[in-house]
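As the structure lists them, so they are numbered: ligands from 1, and atoms in each ligand from 1. In what follows, residues are counted from 1 in the order of the sequence shown.
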Amino acid sequence: MGQETVDLSVQLGSLTLAYPTLMGSGCYGSGQEFAPFVDLSRIGGIVLKSVTRQPRLGNPTPRLVHTPSGMLNAIGLQNPGIDFYLEHDVATFADRPCTMIGSVAGFSIDDYAYVCERLAARREIAAVELNISCPNVASEGETFACDPRLTARVVGAARATTDKPLIVKLSPNVTDIAAIARQAQDAGADALAVVNTVRGMAIDVQTWQPRLGNVTGGLSGPAIRPIALLAVYEVARAVTIPIVGQGGIESVSDALEFFLAGASAIGIGTANFIDPRIPERIVDGLAAYLRQRNLHSIREIVGRANVGFANAHQYEGDED
Ligand SMILES: Cc1cc2nc3c(=O)[nH]c(=O)nc-3n(C[C@H](O)[C@H](O)[C@H](O)COP(=O)(O)O)c2cc1C
């Protein structure tokens, strides 16, 4: 019985993914290093490292710290800036046998709009994700993703620059993520990525110094999975656009929890550092799970553990 007897394809706005698995921004480069170990045509897509208007050297080292069931990172958005990126990097993405999604970061609304427009104009880029977990220099460094008004403004400005699918990546570092999600949807997002890293820190008890050069960082990996899952569950009841659930997914069972909570697709980040074959194993495992239950499509299980989701959405299968 062939692998393809079940349909794992999903839709994010006008973007069709053959597999519902996206490699998380900043955790997969552009796929080049993974290509010798992984069949890139079976991973769904890659969300590229966030790019900014100006080049950035990133934060002082150390930038990574292991923590129980996870890791802290404080890379500081190291990237060559949009000019160099468009000139040297983006053309090389044309050969990849999977969907390539650009990621935009910025420190002003104008930054986001500018970088989004230039990146989205490239044919190698199928969709754009907005990483709005950055401080806004115009409002005392307030994080875009932590303020409903700023979220609406930055998403609206980016939306005006492109017709390509726009995914807005939300931060878990808020009290009411559903309220932020509604603002992003109303401002024109086609899909939401839920969630980015959770703020945290670690201290070296020998030196009495913070272990990250930047003092604070973002926690990822299994340690944040329950937090991410609840965020997906809450957002899925609040919006009707698709969700890319992410945070600590390492196994088929982890992935299934996110689909059942209301995610249409999943992101896999930190797990790739442990074993680059995890995404393919998850794809195989999802297909096997559906076959065992005589289901035909991954879309049939989305939101099935979330009563609020059922009220907000219509299942494709319900009309049969
Ligand atoms: C080293 C590292 C770098 C990251 N860089 C970015 C980034 O540039 N832009 C972004 O939106 N998210 C970035 N993330 C967040 C991941 O894409 C992902 O949302 C988060 O780590 C949670 O998923 P995970 O537990 O599967 O890694 C980064 C995460 C890590 C670990």
Query raised in the report: Quick one: does ligand 1 sit under 4.0 Å from the side chain of C27, the backbone, both or neither, non-hydrogen atoms only?
Result: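 Only the side chain of C27 comes within reach of ligand 1.
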
Requested in this report: Pick one of side chain, backbone, both or neither for how T270 approaches ligand 1, counting any non-hydrogen atom pair under 4.0 Å.
Outcome: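 Answer for T270: both.
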
Query raised in the report: So is M71 close enough to ligand 1, meaning a heavy atom under 4.0 angstrom away?
Result: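 It does, in that a heavy atom of M71 comes within the 4.0 Å cut-off of ligand 1.
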
Query raised in the report: Strictly under 4.0 Å, does any heavy atom of N79 approach an atom of ligand 1?
Result: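 Checking ligand 1 against N79, which is what was asked, there is no heavy-atom contact under 4.0 Å.
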
Report task. Taking atom types as modelled, find out whether S108 and D110 have a side-chain donor-acceptor pair closer than 3.5 angstrom. Result ->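 No, D110 and S108 have no side-chain donor paired with an acceptor closer than 3.5 Å.
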
Requested in this report: Please check if any side-chain donor atom of N79 sits under 3.5 Å from a side-chain acceptor atom of T52, or the reverse.
Outcome: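 Per modelled atom types, N79 and T52 side chains form a pair under 3.5 Å.
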
Query raised in the report: Counting heavy atoms not belonging to N311, are there more than 12 under 6.0 Å from its CG?
Result: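 Yes.
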
Query - Among V198, L229, T270, the one residue meeting side chain to side chain contact (heavy atoms under 4.5 Å, CB included) with I224 - result: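 It is V198; the other options fail the test.
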
Requested in this report: Would you verify whether the NZ or CZ of R304 falls within 45 degrees of the ring axis of F259 while also being under 6.0 Å from that six-membered ring's centre?
Outcome: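 No, a cation-pi geometry is absent between R304 and F259.
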
Requested in this report: Compare G269, A228, G26, P222 and give the one whose heavy atom is closest to atom 3 (C) of ligand 1.
Outcome: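 Of the listed residues, G26 has the closest heavy atom.
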
Query raised in the report: Is a salt bridge present between R118 and D83, judged by a nitrogen-to-oxygen distance below 4.0 Å?
Result: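 Yes, charged N to carboxylate O under 4.0 Å.
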
Requested in this report: Go through ligand 1 atom by atom and flag the ones less than 4.0 Å from a non-hydrogen atom of G24.
Outcome: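 Result: 17 (O).
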
Report task. Give the numbers and elements of all ligand 1 atoms closer than 4.0 Å to a heavy atom of T197. Result ->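 What qualifies from ligand 1 is 20 (C), 21 (O).
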
Query raised in the report: When only distance counts, is K49 in polar contact with ligand 1, meaning an N/O pair under 3.5 Å?
Result: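 It does: an N or O of K49 is found under 3.5 Å from an N or O of ligand 1.
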
Query raised in the report: Which protein heavy atom lies closest to atom 11 (O) of ligand 1, and at what distance to 0.1 Å?
Result: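 Checked against all protein heavy atoms, atom 11 (O) of ligand 1 sits closest to K169 NZ, 3.1 Å.
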
